[in-house]
Amino acid sequence: MAVIAEVRELGRHVGEEVTVRGWIQTMRSHGRIGFVVLRDGSGIVQAVVGQKDVSPRIWDRFQALTQESSVLLTGLVREDARAPGGYELTVRDLVLVGRSEDYPIQPKEHGVDFLLDRRHLWLRSSQQRAVLRVRNEVEQAIHDFFYARDFVRIDTPILTGAIGEAATTLFEVDYFEQKAYLAQTGQLYVEAAAAAFGKVYCFGPTFRAEKSKTRRHLTEFWMVEPEVAWNDSADNMRLQEQFVAYIVERALERCRNDLAVLERDTTALERVTPPFPRLDYSDAVKMLQERGSEVEWGEDLGGADETMVSESYDRPVFVYNYPGAAKAFYMKENPADPRTVLCDDLLAPEGVGEIIGGSQREDDYDRLLARIREEKLPEEAYGWYLDLRRYGTFPHAGFGLGLERTVAWICGRAHIRETIPFPRMLYRLYP
RNA sequence: UGGGGUGUAGCUCAACGGGCAGAGCGGCCGGCUGUUAACCGGCAGGUUGCAGGUUCGAGCCCUGCCGCCCCAGCCA
């Protein structure tokens, strides 16, 4: 009875007979010899079957294999430069576990719609596996970064009352004959927790019922939102650049292979080291106007404007202190220029655009209440949020980083839909 | 929601200015002992998104509808 081995550890079994378990990725038959590439999740290995080396029964079984059939392969592990992965299995025994009939995804080009309809199978493809492994590494890096800095993770509710940033549309659900909404941010809740723990973050799914159909929007996406008591806007940006640099570094360190599978040119990522350039909103508008943009002071930057700014730098760039009218109600007024608020957007290079939105929060009770009324928000829903300014208010700042946008940038994918296992978009709820 | 595209074999795409609907891949059959998206020969595979219109004749032109893609707005 051969020992069961994972493909990633085959190097330790050279000269031994092992059994590997997995799925047939590709196969090539050649008369009296044949090759299959087996995937087990830990890696891929080429297995060779020679007609003279196996019984006629095994040979017939091999001839009948199809793409994505699940199998047990038993054989001798050899080093072989001709095999992808460097190791090869000379098959002695083959057990068919589950036959795959007419697998729809070929090792060829397919349209995006076709693939998304079969997302449950598309996940098996090598580039999709690479993207999702990078996502996994980024998620782990996020937790490690904050854990090492003594942040406390706070899980914020997904079912909420009418509270959030209000500008965006919320998904409404029936909550025991009451209206509830899927959370569009955990920020307001981590602000509460910051007064309990000092440094906190939340990391979970958020929901936006916007009818956007662009390469950088999903209706369900994951966002990490740190919140730090006593931090001002400048502290906030310093934390952001350290955070982003750490995530990129981890991906470069631990996902070399995946980035190679994705044919990602990593030179642009190697440059992502602090400090990131900082551009005052007003200077950004001036620069954009000189380059022919129609943007006027007071407006938010459009997608084309963001691209123009980010293309002027070789690493992520902060644009800070936007006009208050263009931003959310909770951002703190800039004492040096009350038309603006203490906030920042972090724009990733290579035309990726915004991956972080952050700000120092309004900590003055009266000014915050005035802003809630200006925006005509349901005041009664914000009672607890105002309490944070009534019982020991404190300066604090935080930000939200979009996980999918960050992964798309690191992986060099044009569209963020490939960076989440099962994307939720306008008109797509299946599979 | 607005603007621009697109829809032809299971998949990816061809088809002159309106004139017999095709290829590659995949499938099936056969051949081949070192393939790397193998190769060679053969076979099957179509209501050209749907409904109407113009025309001797429509995959192609016109109208409506539907799906999808890209861009904009909103944002992460």
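Quick note on labels: first sequence line is chain A, next is B, and so on, each numbered from 1.
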Asker: Quote, to the nearest angstrom, the C1' distance that separates B/C13 from B/G53.
Answerer: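 It works out to 29 Å between them.
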Asker: Over all strands shown, is A/Ile356 touching base, sugar-phosphate only, or nothing at heavy-atom distances under 4.0 angstrom?
Answerer: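 It contacts sugar-phosphate atoms only.
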Asker: What nucleotide, of B/A76, B/C32, B/C74, holds the atom closest to the side chain of A/Thr214?
Answerer: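 Given the options B/A76, B/C32, B/C74, the side chain of A/Thr214 is closest to B/C74.
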Asker: Does NZ or CZ of A/Arg424 come closer than 6.0 Å to the centre of the six-membered ring of A/Phe422, within 45° of the ring's axis?
Answerer: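 No cation-pi geometry.
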Asker: Strictly by Watson-Crick or wobble contacts shorter than 3.5 Å, is anything paired with B/C39, and which nucleotide is it?
Answerer: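 Here B/C39 is engaged in a pair, and the nucleotide opposite it is B/G31.
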Asker: A quick test of your reading: do over 12 heavy atoms of other residues, nucleotides or ligands sit less than 6.0 Å from CZ of A/Arg254?
Answerer: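 No - once you tally the heavy atoms of other residues, nucleotides and ligands closer than 6.0 Å, there are 12 at most.
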Asker: Round to a whole Å and report the spacing from CD of A/Gln106 to P of B/G27.
Answerer: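 That distance rounds to 7 Å.
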Asker: Considering every strand and a 4.0 Å limit on heavy-atom distances, what is the contact class for A/His110: base, sugar-phosphate, or nothing?
Answerer: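 It contacts sugar-phosphate atoms only.
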Asker: Out of B/A76, B/U35, B/G27, which has the shortest distance to the side chain of A/Glu210?
Answerer: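 Nearest to the side-chain atoms of A/Glu210, counting from C-beta on, is B/A76.
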Asker: From NZ of A/Lys213 over to C1' of B/G3, roughly how many Å is that when rounded to an integer?
Answerer: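 Interatomic distance, NZ of A/Lys213 to C1' of B/G3: 11 Å.
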Asker: For a quick check of understanding: with a heavy-atom distance under 4.0 Å over all strands, which category does A/Gly111 fall into, base, sugar-phosphate or nothing?
Answerer: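 Sugar-phosphate only.
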Asker: Would you kindly give the CD-to-P distance between A/Glu306 and B/A76, to the nearest whole Å?
Answerer: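 In whole Å, B/A76 P lies 10 Å from A/Glu306 CD.
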Asker: With a 3.5 angstrom cut-off on both distances, give the Watson-Crick or G-U wobble partner of B/U6, or none if there isn't one.
Answerer: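 Partner of B/U6: B/G67.
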Asker: Sticking with atom C1', work out how far B/A72 lies from B/G59, rounded to a whole angstrom.
Answerer: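 Comparing C1' positions in B/A72 and B/G59 gives a spacing of 32 Å.
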Asker: If you measure from the C1' atom in B/G22 to the same atom in B/A15, how many Å do you get, rounded?
Answerer: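 7 Å, rounded to whole Å.
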Asker: What contact category does A/Gly400 fall into here, base, sugar-phosphate, or nothing, at under 4.0 angstrom with non-hydrogen atoms?
Answerer: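 Sugar-phosphate contact only.
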Asker: Using atom CD1 of A/Ile44 as one end and atom P of B/U36 as the other, report the distance to the nearest whole Å.
Answerer: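 The answer, rounded to whole Å, is 15 Å.
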Asker: Under a 3.5 Å limit for both distances, which nucleotide forms a Watson-Crick or G-U wobble pair with B/G52, could you say?
Answerer: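 Here B/G52 is engaged in a pair, and the nucleotide opposite it is B/C62.
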Asker: When you measure from the side chain of A/Arg250 to the backbone of A/Val138, do you find a donor-acceptor pair of N or O atoms at a distance under 3.5 Å?
Answerer: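 Checking the backbone N and O of A/Val138 against the side chain of A/Arg250, no donor-acceptor pair under 3.5 Å is found.
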Asker: Do the side-chain N or O atoms of A/Arg28 get closer than 4.0 angstrom to the phosphate oxygens (OP1, OP2) of B/A38?
Answerer: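 For B/A38, OP1/OP2 do have a side-chain N/O of A/Arg28 under 4.0 Å.
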Asker: Tell me if the side-chain of A/Arg215 makes a donor-acceptor pair with the base of B/C69, cut-off 3.5 Å, by modelled atom types.
Answerer: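 Not at all, since no donor on one side and acceptor on the other fall under 3.5 Å apart.
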Asker: Rounding to the closest angstrom, what is the interatomic distance between B/G46 and B/C11 at atom P?
Answerer: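 My reading of the P atoms in B/G46 and B/C11 gives 13 Å.
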Asker: Using a 4.0 Å heavy-atom cut-off across all strands, classify A/Glu101 as base, sugar-phosphate, or nothing.
Answerer: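 Nothing, no heavy atom under 4.0 Å.
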Asker: May I ask you to check if A/Arg118 and A/Trp122 form a cation-pi contact, with NZ or CZ under 6.0 angstrom from the six-membered ring centre and within 45° of the axis?
Answerer: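 Not satisfied by the 6.0 Å and 45° rule.
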Asker: Would you mind classifying the nucleic acid contact of A/Thr406 as base, sugar-phosphate or nothing, using non-hydrogen atoms under 4.0 angstrom?
Answerer: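 Nothing, no nucleic acid heavy atom in range.
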Asker: OP1 or OP2 of B/C70 versus the side-chain N and O atoms of A/His415: is any pair under 4.0 Å?
Answerer: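 The answer is yes; a side-chain N or O of A/His415 sits under 4.0 Å from OP1 or OP2.
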Asker: Counting any heavy atom closer than 4.0 Å, what does A/Gly302 reach on the DNA or RNA strands: base, sugar-phosphate only, or nothing?
Answerer: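 Here A/Gly302 touches the backbone only, sparing every base.
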Asker: By ring-ring contact (aromatic ring centres under 6.0 Å, His included), which residues pair with A/Tyr246, not counting sequence neighbours?
Answerer: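 Counting only residues at least two positions away or on another chain, A/Tyr246 forms a ring-ring contact (aromatic ring centres under 6.0 Å, His included) with A/Phe145.
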Asker: Checking all strands, does A/Gly402 fall into the base, sugar-phosphate, or nothing category for heavy-atom contacts under 4.0 angstrom?
Answerer: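 Counting heavy atoms under 4.0 Å across all strands, the contact made by A/Gly402 is with sugar-phosphate only.
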Asker: Looking at B/G57, which nucleotide sits across from it as a Watson-Crick or G-U wobble partner, both distances under 3.5 angstrom, or is there none?
Answerer: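 Paired with B/G57, as far as the under-3.5 Å criterion goes, is no nucleotide at all.
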Asker: Identify which nucleotide among B/U33, B/A72, B/G27 has an atom closest to any side-chain atom of A/Arg216, counting heavy atoms from C-beta outward.
Answerer: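 Comparing B/U33, B/A72, B/G27 against the side chain of A/Arg216, the answer is B/A72.
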Asker: Considering all heavy atoms of both residues, which atom of A/Arg264 and which atom of A/Ile410 are nearest to each other, and what is their separation?
Answerer: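 Taking every non-hydrogen atom into account, NE-O, 2.9 Å.
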Asker: Determine the contact category for A/Arg417: base if any of its heavy atoms lies under 4.0 Å from a base atom, sugar-phosphate if only primed atoms, P, OP1 or OP2 are that close, otherwise nothing.
Answerer: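 Result for A/Arg417 = sugar-phosphate.
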Asker: Measuring only the P atom in each nucleotide, how far is B/C71 from B/C28? A whole number of Å is fine.
Answerer: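 Their P atoms lie roughly 39 Å apart.
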Asker: Compare the minimum distances between each of B/C75, B/C32, B/U36 and the side chain of A/Pro84, then state the nucleotide with the smallest one.
Answerer: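 Closest nucleotide among those given: B/U36.
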Asker: Has the side chain of A/His217 got a donor or acceptor that lies under 3.5 Å from a partner of the other kind on the base of B/C74?
Answerer: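 Answer is yes: a donor-acceptor pair is held.
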Asker: Do A/Gln46 side-chain and B/U35 base share a donor-acceptor contact under 3.5 Å?
Answerer: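 Looking at the base of B/U35, it does pair with a donor or acceptor on the side chain of A/Gln46 (distance under 3.5 Å).
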Asker: Suppose you measure atom P in B/U6 against the same atom in B/C16; what distance do you get, rounded to whole Å?
Answerer: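 It works out to 15 Å between them.
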Asker: Within the supplied structure, the quantity of interest is the number of heavy atoms (other residues, nucleotides, ligands) at a distance under 6.0 Å from A/Tyr147 OH; does it exceed 12?
Answerer: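 Not more than 12 within 6.0 Å, no.
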Asker: Need one value for A/Thr206: base, sugar-phosphate or nothing, where a base atom within 4.0 Å counts as base even if backbone is also close, heavy atoms only.
Answerer: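 Result for A/Thr206 = nothing.
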Asker: Rounded to whole Å, please give me the gap between CZ in A/Phe207 and C1' in B/C74.
Answerer: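 Interatomic distance, CZ of A/Phe207 to C1' of B/C74: 18 Å.
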Asker: Report, as yes or no, whether the 6.0 Å neighbourhood of atom CZ on A/Arg278 holds more than 12 heavy atoms from other residues, nucleotides or ligands.
Answerer: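 Yes, CZ of A/Arg278 has more than 12 neighbouring heavy atoms, counting only those of other groups under 6.0 Å.
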Asker: Starting at the 5' end of RNA chain B and moving along, which residue's nearest nucleotide shows up first, A/Arg428 or A/Ile416?
Answerer: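 Result of the comparison: A/Arg428.
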Asker: Whole angstroms only, please: what is the NZ-C1' distance between A/Lys211 and B/C74?
Answerer: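 A/Lys211 atom NZ is separated from B/C74 atom C1' by 13 Å.
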Asker: Tell which nucleotide pairs with B/G22, taking only Watson-Crick or G-U wobble pairs whose two distances are both under 3.5 angstrom.
Answerer: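 WC or wobble partner is B/C13.
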Asker: Go through the steps to decide whether A/Phe243 and A/Phe399 satisfy the test ring-ring contact (aromatic ring centres under 6.0 Å, His included), and finish with yes or no.
Answerer: CA-CA 11 Å; A/Phe243 180 53; A/Phe399 62 91; 5.8 Å; yes
Asker: Would you measure the distance from the P atom in B/C29 across to the matching atom in B/A37 and give it in whole Å?
Answerer: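 Nearest-Å result for B/C29 against B/A37 at atom P: 25 Å.
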Asker: Between B/A76 atom C1' and A/Leu301 atom CG, what is the distance in whole Å?
Answerer: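 Rounding to the nearest Å, CG of A/Leu301 and C1' of B/A76 are 16 Å apart.
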Asker: Assign each of A/Glu354 and A/Ser212 to its nearest nucleotide of RNA chain B by heavy atoms, then name whichever residue's nucleotide is nearer the 5' end.
Answerer: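 Its nucleotide being nearer the 5' end, the pick is A/Ser212.
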Asker: Is A/Phe35 stacked against the base of B/G34, taking the criterion as centroid distance under 5.5 angstrom and interplanar angle under 30°?
Answerer: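 According to the criterion (under 5.5 Å, under 30°), no, A/Phe35 does not stack.
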Asker: Between B/G64 and B/G24, how many Å separate the two C1' atoms, rounded to a whole number?
Answerer: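 One C1' to the other, the span is 36 Å.
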Asker: Can you check the A/Phe114 CZ to B/C25 C1' distance for me, whole Å?
Answerer: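 One finds 12 Å between C1' of B/C25 and CZ of A/Phe114, rounded.
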